[in-house]
Every structure is written in C-alpha cells, then in structure tokens.
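Worksheet for the structure shown next.
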Amino acid sequence: MKRALGLAAAFVAVSGAVAADWTAVPDRAVALAVVGARNAALSHIAVNLTSLGSDPVVILAVLFAVLYSAAAGRPARIVPLIAAPAGAFLTNTLAKLVIHHPRPDGGSAIIVMPASFGFPSGHTAAASAVWLTLAFIATRTESRPQVRQLLVGAALATALLVAWSRVYLGVHYLSDVIGGLLLGSAWALGLAYVSRAAAPPLPPPPARSSGPHRP
C-alpha cells in the first residue's frame, strides 16, 4: 500500500506542477523532438499501440477477465478488475476538469485530436490500471518469481508503450502521460493490495517426493 500511496502523492505533485505551468518548456521541447523523429513505420506502430489504452479494448479486457473470474469461482478478483479502471477514469475526468491543461497544437497530430483537456492522459491511465491489475491478479496463483516478474513487466511495458504512442501521435504532452502512468498505477497497486488482504491465503503447493520410499 505504501507504493500505491507514493504513486498517488507523485500524481498530486505532478498535477500541481502542470497546473502551475512549470512543465510547459520541457513539454514543448519533447513534442518538437518527437515530431522531428517521426517516420512511416513508427507512425503505423503508434497508431496500433495506442488502441491498447482505448475504451473498447480495456472494456473488453475487463469484461472477459470478470466473466472468467466468475466462472472460475473467484469473485474476489472482480472487485479490483472493475474498481481500478473505474477509479482511474473518475479521477482522470476530475483532474481534467480541474486543471484544464491544453493539448498540443492539433496541426502536428497524426490522429484526430480529442476534444477533452490533456492532463492526465486517459489512454495511459486506463492502460496502467487495467493491464497492471490483470498482471497482479495473475501473479497470485503463480509461484515462480521469474514468471511473476515477467507478467508485471509485460503489463508495465504495455502501459509505457501506450504512453509513448500518445506523445508520438501528437495528442498529449509528456507531462500528460506521466500523470496517466502515475494515476493508473496507483489505482492498480492499491486495489491489488486491498484484494490480496481481503482474500483468503492460497494453499501451499504440495511437497514433491524425493523418490521411492525404501524400508
């Protein structure tokens, strides 16, 4: 829970910096650098990667995970699966309405510029909340540390790629996606901790036999 609270505190700090316009110079510098580094291959990749944080994809991912958890008789998993993205969405919407951070110039955007404010990035917050929550839940039944690390690392990499795609496509500043990463990750970690604390502990794995018994 300390990590979740730390991420939440970092999000509040970044929100204050954005509201005070302290991030304007680095935001514009990164945006200009990204525009200068574009090419056809990267643009195609970014357009496809950004869908991993879109509403249809994250809603379907959550729906399938909820149905699977219900069918497997593990209802305790359903709460974080729904609450993490829902909390990230509500907090994201509130922050946009309070801070009113503008998006980059629409002339440099590769895709259609959304009509909402820029901070924090909703795609990045959703990707962080959903994919990390799925990874944390999957690690609960996995005893191998390497596999647990791989699952969490893959989820974090997905969120980072979505963040990169939003900046590359020209619809968000760097501070927007940093805020989205912090926000979504805080909800995922916090709900994973609450779910783990409320669920009964998993039974220990059966002991392996060292060989045939000899009298």
Side-chain angles (χ1 to χ4, degrees), residues 7 11 14 18 23-66 68 81 84-86 88-89 91-93 95-96 99 101-138 147 149-188:
L7 290 170
F11 172 74
V14 172
V18 171
T23 62
V25 173
D27 276 344
R28 294 190 181 101
V30 170
L32 287 173
V34 168
V35 170
R38 284 174 178 166
N39 59 57
L42 283 177
S43 297
H44 179 74
I45 292 172
V47 169
N48 286 279
L49 283 176
T50 205
S51 63
L52 294 174
S54 64
D55 289 344
V57 172
V58 298
I59 289 173
L60 282 175
V62 170
L63 179 61
F64 288 148
V66 166
Y68 176 81
L81 285 170
F89 171 78
T91 311
N92 176 79
T93 302
K96 286 181 183 291
I99 298 176
H101 191 236
R103 291 177 183 265
D105 179 16
S108 63
I110 295 178
I111 59 176
V112 177
M113 182 71 72
S116 60
F117 292 106
F119 182 88
S121 165
H123 276 66
T124 309
S128 304
V130 170
W131 301 117
L132 281 172
T133 297
L134 289 172
F136 292 148
I137 289 176
V147 177
Q149 293 170 4
L150 179 62
L151 290 170
V152 175
L156 182 57
T158 301
L160 289 171
L161 287 171
V162 171
W164 166 79
S165 73
R166 302 307 284 173
V167 176
Y168 182 92
L169 294 172
V171 294
H172 277 293
Y173 286 118
L174 178 62
S175 61
D176 298 337
V177 298
I178 290 175
L181 285 169
L182 292 171
L183 177 61
S185 300
W187 277 102

Distance-only donor-acceptor hits, side chain of residues 177-188, under 3.5 Å, sequence neighbours excluded:
| residue | atom | partner | partner atom | Å |
| --- | --- | --- | --- | --- |
| S185 | OG | L181 | O | 2.7 |
| W187 | NE1 | G87 | O | 3.4 |
| W187 | NE1 | T91 | OG1 | 3.2 |

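The nearest pair of heavy atoms linking A84 to A129 is O-CB, 3.9 Å. When all heavy atoms of A109 and G170 are compared, the pair lying nearest together is CB-O, 3.8 Å. Closest approach of V162 and A127 over heavy atoms only: CG2-CB, 3.9 Å. Heavy atoms only, all atoms of each residue included: L134 and A65 are closest at CD2-CB, 3.5 Å.
Within the 4.5 Å cutoff, the side chain of R28 has no heavy atoms near those of the D105 side chain. For the pair P26 and L174, the minimum side-chain heavy-atom distance is 4.5 Å or more. Considering only heavy atoms from C-beta on, H123 stays 4.5 Å or farther from L169 through its side chain. A heavy-atom distance below 4.5 Å is found between the side chains of P85 and V62. At a threshold of 4.5 Å between non-hydrogen side-chain atoms, the residues R103 and S116 count as touching. Within the 4.5 Å cutoff, side-chain heavy atoms of R166 are placed close to those of T124. Side-chain contact between L52 and L49: present, with at least one pair of heavy atoms (C-beta onward) separated by less than 4.5 Å.
The OG atom of S165 sits 10.0 Å away from the CD1 atom of I110 when rounded to the nearest 0.5 Å. Of the inter-residue distances, the one linking T158 atom OG1 with L132 atom CG reads 8.5 Å to the nearest 0.5 angstrom. Separation of atoms CG (L60) and CG (D55) is listed at 10.5 Å; rounding is to 0.5 Å. Atoms CG and CD1, from L161 and I45 in turn, are 9.5 Å apart once rounded to the nearest 0.5 Å.
The ring-ring contact (aromatic ring centres under 6.0 Å, His included) search around Y168 returns W164, not counting sequence neighbours. With sequence neighbours excluded, the residues forming a ring-ring contact (aromatic ring centres under 6.0 Å, His included) with F119 are F11, listed by chain and number.
Side-chain atoms of T50 do not come within 3.5 Å of backbone N or O of A46 as any donor-acceptor pair. Distance alone, capped at 3.5 Å, places no donor-acceptor pair between the H101 side chain and the F117 backbone.
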